Number of protein chains: 2
Amino acid sequence: MDLDTLAKRLEALGNVTRLAVFRALVRTGRAGAPVGYLQRRLGVPGSTLSHHLRKLIEVGLVTQERQATTLICRADFEAMTETLGFLGNECCRDLPLCASAAAEDAAAEDADRDVA
Amino acid sequence: MDLDTLAKRLEALGNVTRLAVFRALVRTGRAGAPVGYLQRRLGVPGSTLSHHLRKLIEVGLVTQERQATTLICRADFEAMTETLGFLGNECCRDLPLCASAAAEDAAAEDADRDVA
DNA sequence: GCGGTATTTCTAGAATCATCGATATAATGA
DNA sequence: TCATTATATCGATGATTCTAGAAATACCGC
């Protein structure tokens, strides 16, 4: 996974409707749920929901599987875990969370500053 | 923090340029770095960078502090930690990460399915 | 106050996005 | 085959975003 993929996934989740969809799907576990369930649950028109679902599918956070006339949607847990891991490692690694790393940060400041 | 705030922060990070800005800032630690540093480092025009920085500031992921003529930007580690925590708890809690929870998921499926 | 550096605001065009009704497609059962 | 259910695609519209040059602003040292 690269920065671009991460950004696309974050963008996909960066919309209240899609975030609600994804959260609802996560809560249905690996069983997933049909589109109609999400539609009733979230009160979103079918065409709008379909549009948002496609985005989530495009970036690999959701999968669909047809069962007769209904489409079962599932959150892709592996993809989400990978995403969270990459975000944490790539963008937040060595976070001075303990607030005690100020000293070395200050030391590194000037060195970093002039990197053209 | 609510879903709306989370969505806005994810949207802010869901752009390659802004994600790169944030990552660069995280790597400068609590010392932070001036706008000009980011500008040279990422090769982004000043007006464009300023536009993206404002977004990151709006959602609370970045702060700015003036030091003479330069503006020091800093990633807000607390906000980011809170964001990651909320995302994990609210949207990924009880993820069947171990892939062994299929049974109970199946059991919960029908119950969840018919919720209005 | 003036010149210089750092950064923002203004502006505008192109591109993308969100929304949703209408229509089309897929699968099933009678 | 036909009606029905479930869902996607089409199409149009308004809103938002991204980009970046030009102009304006903030701060400092003299």
Side-chain angles (χ1 to χ4, degrees), chain A residues 3-4 7-22 24-25 28 32-59 61-74 109-110 112-116, chain B residues 3-4 7-22 24-25 28 31-59 61-74 109-110 113-116:
Chain A
L3 263 196
D4 212 75
K8 277 180 185 156
R9 287 187 176 169
L10 293 177
E11 186 193 12
L13 292 175
N15 169 283
V16 192
T17 302
R18 283 194 295 269
L19 189 54
V21 166
F22 186 76
L25 282 181
T28 64
V35 176
Y37 165 79
L38 296 169
Q39 199 171 334
R40 291 189 303 277
R41 178 84 173 230
L42 304 173
V44 180
S47 57
T48 302
L49 178 57
S50 186
H51 161 73
H52 286 305
L53 273 173
R54 183 168 53 194
K55 289 226 163 183
L56 289 169
I57 293 168
E58 271 175 12
V59 301
L61 287 173
V62 166
T63 61
Q64 272 183 338
E65 178 202 358
R66 186 172 277 280
Q67 281 185 9
T69 61
T70 78
L71 273 178
I72 305 295
C73 307
R74 294 188 180 87
E109 185 182 12
D110 301 280
D112 282 350
R113 196 67 55 76
D114 288 31
V115 181
Chain B
L3 261 196
D4 212 76
K8 277 180 183 155
R9 287 188 176 168
L10 292 177
E11 186 193 13
L13 292 175
N15 169 282
V16 192
T17 302
R18 283 195 295 268
L19 189 55
V21 166
F22 185 77
L25 282 181
T28 64
V35 176
Y37 164 79
L38 297 168
Q39 200 171 333
R40 292 189 303 277
R41 179 82 173 233
L42 304 173
V44 180
S47 57
T48 301
L49 179 58
S50 186
H51 160 74
H52 286 306
L53 274 174
R54 184 168 50 193
K55 290 225 161 188
L56 288 169
I57 293 168
E58 271 175 11
V59 302
L61 287 172
V62 166
T63 61
Q64 272 183 338
E65 178 201 358
R66 186 170 280 281
Q67 282 184 9
T69 61
T70 77
L71 273 179
I72 304 296
C73 307
R74 294 188 180 88
E109 185 183 11
D110 300 279
R113 195 66 56 78
D114 288 32
V115 179

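As the structure is a prediction and not an experimental result, all values here were calculated from the model. Residue numbers start from 1 in every chain, and the chains themselves are labelled A, B, ... in the order their sequence lines are given, proteins ahead of strands.
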To the nearest 0.5 Å, how far apart are [atom1] in [X] and [atom2] in [Y]?
X        : Y        : atom1 : atom2 : value
Leu71(B) : Thr63(B) : CG    : OG1   : 10.5 Å
Thr48(B) : His51(B) : OG1   : NE2   : 8.0 Å
Leu42(A) : Tyr37(A) : CG    : OH    : 8.0 Å
Ile72(B) : Glu65(B) : CD1   : CD    : 7.0 Å
Leu61(B) : Leu53(B) : CG    : CG    : 11.5 Å
Thr70(A) : Arg66(A) : OG1   : CZ    : 8.0 Å

*Contact residues, residues 7-15 of chain B to DNA chain D [heavy atom, < 4.0 Å]*: Glu11(B), Asn15(B)
*Pull out every residue in residues 42-58 of chain B that has a heavy atom closer than 4.0 Å to any atom of DNA chain D, ordered by number, or say none.*
Pro45(B), Ser47(B), Thr48(B), His51(B), His52(B), Lys55(B)
_Working for side chain to side chain contact (heavy atoms under 4.5 Å, CB included), residues Ile57(B) and Gln64(B)_ = CA-CA 8 Å; Ile57(B) 293 168; Gln64(B) 272 183 338; 3.5 Å; yes
_Treating primed atoms plus P, OP1 and OP2 as sugar-phosphate and everything else as base, which nucleotides of nucleotides 23-30 of chain D get B, S or - for protein heavy atoms under 4.0 Å?_
---SBS--
*asked:* Can you confirm whether Leu25(A) sits close enough to Leu56(A) that some side-chain heavy atom of one is under 4.5 Å from a side-chain heavy atom of the other?
replied: no
*asked:* Quick check: do Val35(B) and Cys73(B) have side-chain heavy atoms less than 4.5 Å from each other?
replied: yes
_Selection residues 9-18 of chain B - residue pairs positive for side-chain hydrogen bond (donor to acceptor under 3.5 Å, both in side chains), sequence neighbours left out_ = Arg9(B)-Glu82(B), Arg9(B)-Thr83(B), Arg18(B)-His52(B)
*Would you name the heavy atoms of Leu49(A) and Val21(A) that are closest together and state the gap between them?*
CD1-CG2, 3.7 Å
*Nucleotide interval of DNA chain C bounded by contacts with chain B (heavy-atom cut-off, under 4.0 Å)*: dA6(C) to dT9(C)
*Kindly write out the residues that satisfy salt bridge (charged side-chain N to carboxylate O under 4.0 Å, His left out) with Lys8(B), not counting sequence neighbours, or none if the list is empty.*
Asp4(B)
